[in-house]
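First the proteins, then the strands, lettered A, B, ... as listed; each starts at 1.
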Number of protein chains: 2
Amino acid sequence: MQRTEISSLGEFVFIEHLTKDFKPKNKSTETSIGDDAAVLNYGEEKRVLVTTDMLLEGIHFDLVYCPLKHLGYKAAVVNFSDIYAMFGTPAQLTVSIGVSKRFSVEDIEELYAGIRLACDLYNVDLIGGDTCASMTGLTLSLTCIGEANPEEIVYRKGAQPTDLICVSGNLGASYMGLQLLEREKRVFDGDKDFVPAFEGHEYILERQLKPEARKDIVESLKKANIKPTSMMDISDGLSSELLHISQNSHVGIRIYEDRLPIDYQTASMAEQMNLNVTTVALNGGEDYELLFTVPLAMHDLVADIDDIHIIGHITAPELGAALVTRDGAEIRLRAQGWNAFNEN
Amino acid sequence: MQRTEISSLGEFVFIEHLTKDFKPKNKSTETSIGDDAAVLNYGEEKRVLVTTDMLLEGIHFDLVYCPLKHLGYKAAVVNFSDIYAMFGTPAQLTVSIGVSKRFSVEDIEELYAGIRLACDLYNVDLIGGDTCASMTGLTLSLTCIGEANPEEIVYRKGAQPTDLICVSGNLGASYMGLQLLEREKRVFDGDKDFVPAFEGHEYILERQLKPEARKDIVESLKKANIKPTSMMDISDGLSSELLHISQNSHVGIRIYEDRLPIDYQTASMAEQMNLNVTTVALNGGEDYELLFTVPLAMHDLVADIDDIHIIGHITAPELGAALVTRDGAEIRLRAQGWNAFNEN
């Protein structure tokens with residue numbers, strides 16, 4: 001029998017490959033696989049949005065530097081982020097956990113304290129889940145259900161040439177926070193008297209350990225009567241997400257290096273570690289910022305909103321997806337984000 | 001810091017303990033944790049039902065004797081079963097998988113072929129999921145979304161004294177199938193020429209490896225205009241589920257040993273293995289049959305439906321939950337079902 005390594009396909013091709021033969025059969029399934037969340041039609045007034053995430057110890061988190069309460073908070077928030085990225089409102093959450101004997105009741109209480117904090121802040125209800133023993137480590141699987149008016153949902157597919165490309169907040173901070181944590185973990189290596197060098201890096205650490213979903217940006221856009229033409233959240237890195245918009249909307253992309261919003265702490269840590277900060281901003285991932293497009297005519301409206309940055313514009317599809325560097329060169333965008341199945 | 005072992009609480013107390021401080025905040029959250037599925041209110045006409053299950057290699061399945069296609073089928077079907085147990089109809093499914101390098105693309109295709117077969121047979125749409133690398137083995141987490149008219153949903157809480165207690169199909173077959181698989185695995189133990197002794201045991205093996213959800217029973221009940229007063233599916237064992245009904249409905253339980261439906265293959269395998277077949281039927285689990293109660297007046301209507309068995313009746317709460325043995329003795333029901341966190 002043939003044996004194809006999963007790493008030879010990459011995550012998105014693999015998912016596409018596995019799911020291509022599943023055809024929707026129910027009237028209530030309005031939009032299925034391929035966006036931040038699925039859209040279900042269970043009545044006239046509202047649409048139900050569904051998104052899910054799995055988090056595995058040793059792959060997505062390292063409990064050496066990720067406190068369980070933070071992990072719970074982050075696991076919940078990254079799901080809420082997917083619902084906001086559809087321009088919806090998260091409302092319910094299921095949490096399934098697999099727990100090995102290494103963990104005590106108090107440990108898992110900490111995890112749930114983080115989930116509860118996130119649920120309280122984002123007004124989401126825990127409605128169920130599954131709790132089971134695991135042979136090895138901690139496994140988390142969360143599913144978030146949200147709601148939206150049918151006419152307000154924003155997909156990845158609506159971007160049009162000349163639309164402005166916007167991102168909220170700044171990019172690469174979470175990735176640099178992770179690099180710092182990994183470095184200090186290596187330095188530590190069992191030394192009991194070791195004090196990690198975290199001072200002055202609080203912001204990038206917080207972006208990695210306790211990210212927020214951009215509820216505020218969705219609210220600001222709605223208040224300003226701006227409905228983006230396309231939207232998604234940045235979990236795998238800006239490049240990867242822009243390619244999704246390009247593919248789903250059948251358009252080209254031009255973003256400008258000098259427009260990428262980067263925090264001072266991100267830039268200085270990248271310099272310290274000899275990393276190109278633009279590469280970090282493009283491919284770091286786990287930003288959980290919103291990436292969206294709006295019609296050019298909305299330039300002034302969007303520019304007025306705090307913490308939104310216009311980084312480029314949509315072009316005709318034949319122009320492809322590219323970054324325009326500071327010196328005017330065009331570099332093709334490639335998804336170098338998290339390939340979880342990569343061999344190295 | 002205090003350290004309480006999870007095994008000291010047991011699964012249900014543990015879940016209760018973790019979730020007790022989560023209070024519903026959204027109007028759309030109609031029924032939260034504590035039944036086969038949560039009930040969401042997203043409009044006048046329909047209710048949305050949500051259930052989720054996590055399956056971990058080495059805990060819930062053993063790939064030595066569980067083919068991946070069967071595993072996919074079973075993982076989907078056990079979720080559908082929870083939706084039927086609310087008297088609803090499953091409609092959408094998300095599938096998240098964590099996969100180690102041991103698995104090839106072809107392996108996971110097999111898994112999805114099983115999921116697809118289940119989705120086709122039960123008319124359910126795959127709407128999303130997450131695919132990630134895992135350090136060890138295979139991790140599955142599925143969430144099923146279903147629908148029901150508000151007035152037709154059946155909870156665990158509606159049973160009344162004198163109601164008849166019914167189960168579909170028969171009990172203990174899946175458990176005996178598992179015992180047989182485990183025995184043959186031990187006998188096998190690396191012997192290449194080994195031929196497992198499966199002949200004549202096809203039924204119990206199928207019940208373990210490829211269970212079905214009792215869609216047909218729900219349809220028959222609806223057709224006969226019977227709305228059960230309470231209902232759940234039997235995943236942890238009849239005893240454990242009866243105690244849930246007892247607790248949620250605040251009633252007592254009397255079931256009769258000579259009424260328990262047991263298949264010939266189950267009984268003969270139990271005898272071969274020196275197991276008490278009543279214990280197997282009460283505590284085996286993974287039956288995925290429906291357990292429900294109906295008003296006494298519906299006796300004839302229910303008795304007319306194929307493959308439904310009346311095994312006892314509901315009593316006043318102070319009488320507790322008991323099995324009446326063949327010789328008339330009363331034995332208190334105890335949940336000896338799967339305690340996944342048990343030390344032994």
>> Can you list the residues of residues 136-153 of chain B that sit under 4.5 Å from chain A, counting heavy atoms only?
In response: Thr136(B), Thr139(B), Leu140(B), Ser141(B), Thr143(B), Ile145(B), Gly146(B), Glu147(B)
> Looking at OH of Tyr122(B) and SG of Cys119(B), how far apart are the two atoms once the value is rounded to the nearest 0.5 Å?
Replying inline: 11.0 Å
>> For Leu18(B) versus Tyr112(A), what's the shortest heavy-atom pair and its separation?
In response: CD1-CE1, 3.5 Å
> Checking side chain to side chain contact (heavy atoms under 4.5 Å, CB included) for the pair Ser104(B)/Thr4(A): CA distance, chi angles, key distance, verdict?
Replying inline: CA-CA 5 Å; Ser104(B) 67; Thr4(A) 311; 5.6 Å; no
> Can Val50(A) and Gln92(B) be said to form a side chain to side chain contact (heavy atoms under 4.5 Å, CB included), step by step?
Replying inline: CA-CA 10 Å; Val50(A) 181; Gln92(B) 284 92 14; over 6 Å; no
> Side chain, backbone, both or neither: which part of Thr94(A) has an atom under 4.5 Å from a heavy atom of chain B?
Replying inline: side chain
>> With chain B as the partner, which of Leu126(A), Val39(A), Asp120(A), Ile115(A) has the greatest number of non-hydrogen pairs under 4.5 Å?
In response: Leu126(A)
> Which bit of Leu56(A) is near chain B, if near means a heavy-atom gap under 4.5 Å: side chain, backbone, both or neither?
Replying inline: side chain
> Who among Gly58(A), Ala37(A), Ala91(A), Ala38(A) has the most heavy-atom pairs with chain B under 4.5 Å?
Replying inline: Ala91(A)
>> Are more than 12 heavy atoms, taken from residues, nucleotides or ligands other than Lys20(B), located less than 6.0 Å from that residue's NZ atom?
In response: yes
> Going through the checks in order, is the side chain to side chain contact (heavy atoms under 4.5 Å, CB included) test met by Arg102(B) and Leu63(B)?
Replying inline: CA-CA 12 Å; Arg102(B) 221 173 81 220; Leu63(B) 292 175; 3.7 Å; yes
>> Counting heavy-atom pairs under 4.5 Å with chain A, which one of Lys25(B), Gln2(B), Lys27(B) comes out on top?
In response: Lys25(B)
> Side chain, backbone, both or neither: which part of Glu109(B) has a heavy atom under 4.5 Å from chain A?
Replying inline: both
> Side chain, backbone, both or neither: which part of Val124(B) has a non-hydrogen atom closer than 4.5 Å to chain A?
Replying inline: backbone
>> As an exercise: rank Glu106(B), Glu45(B), Lys46(B) by heavy-atom pairs under 4.5 Å with chain A and give me the winner.
In response: Glu106(B)
> Given the options Thr19(B), Thr52(B), Val48(B), Val95(B), which has more heavy-atom pairs under 4.5 Å with chain A than any of the others?
Replying inline: Thr52(B)
> Does any heavy atom of chain A fall under 4.5 Å from the side chain of Asp107(B), the backbone, both, or neither of them?
Replying inline: side chain
>> At a 4.5 Å cut-off on heavy atoms, which part of Leu111(A) comes close to chain B: side chain, backbone, both, or neither?
In response: neither
>> Determine whether Leu121(A) and Tyr73(A) satisfy the following criterion, side chain to side chain contact (heavy atoms under 4.5 Å, CB included), listing intermediate values before the conclusion.
In response: CA-CA 10 Å; Leu121(A) 277 170; Tyr73(A) 189 87; 3.4 Å; yes
> Based on non-hydrogen pairs under 4.5 Å, which of Asn26(B), Ile33(B), Thr29(B) is most in contact with chain A?
Replying inline: Asn26(B)
> What are the two closest heavy atoms between Cys66(B) and Leu71(B), and how far apart are they?
Replying inline: SG-CB, 3.8 Å
> If you round to the nearest 0.5 Å, how far is NE2 of His70(A) from CG of Leu117(A)?
Replying inline: 9.5 Å
> Among pairs that include at least one residue of residues 60-79 of chain A, which meet salt bridge (charged side-chain N to carboxylate O under 4.0 Å, His left out), considering only residues two or more places apart or in two chains?
Replying inline: Asp62(A)-Lys185(A), Lys74(A)-Glu286(A)
> Is the closest side-chain donor-acceptor distance between Glu30(B) and Asn41(B) under 3.5 Å?
Replying inline: yes
> side chain to side chain contact (heavy atoms under 4.5 Å, CB included) with Asp130(B): which residues, sequence neighbours excluded?
Replying inline: Glu11(A), Asp53(A), Met54(A), Ser96(B)
> Going through the checks in order, is the side chain to side chain donor-acceptor pair (under 3.5 Å) test met by Gln208(B) and Tyr175(B)?
Replying inline: CA-CA 7 Å; Gln208(B) 168 59 220; Tyr175(B) 181 78; over 6 Å; no
> Arg156(A) and Met231(A): which non-hydrogen atoms are nearest, and at how many Å?
Replying inline: CG-O, 4.0 Å
>> For Lys23(B), which atoms come within 4.5 Å of any heavy atom of chain A: side chain, backbone, both, or neither?
In response: backbone
>> Counting heavy-atom pairs under 4.5 Å with chain B, which one of Arg3(A), Glu57(A), Arg47(A) comes out on top?
In response: Arg3(A)
> How would you list, in number order, the residues of residues 75-89 of chain A that have a heavy atom less than 4.5 Å from chain B?
Replying inline: none
>> For a quick test of reading the model, state the closest non-hydrogen atom pair linking Tyr288(B) to Ser235(B) and the distance between them.
In response: CE2-CB, 3.6 Å
> Ser28(B) versus chain A, heavy atoms under 4.5 Å apart: side chain, backbone, both or neither?
Replying inline: both
>> Main chain of Gly237(B), side chain of Ser240(B): is a donor-acceptor contact present, judged purely on distance under 3.5 Å?
In response: no
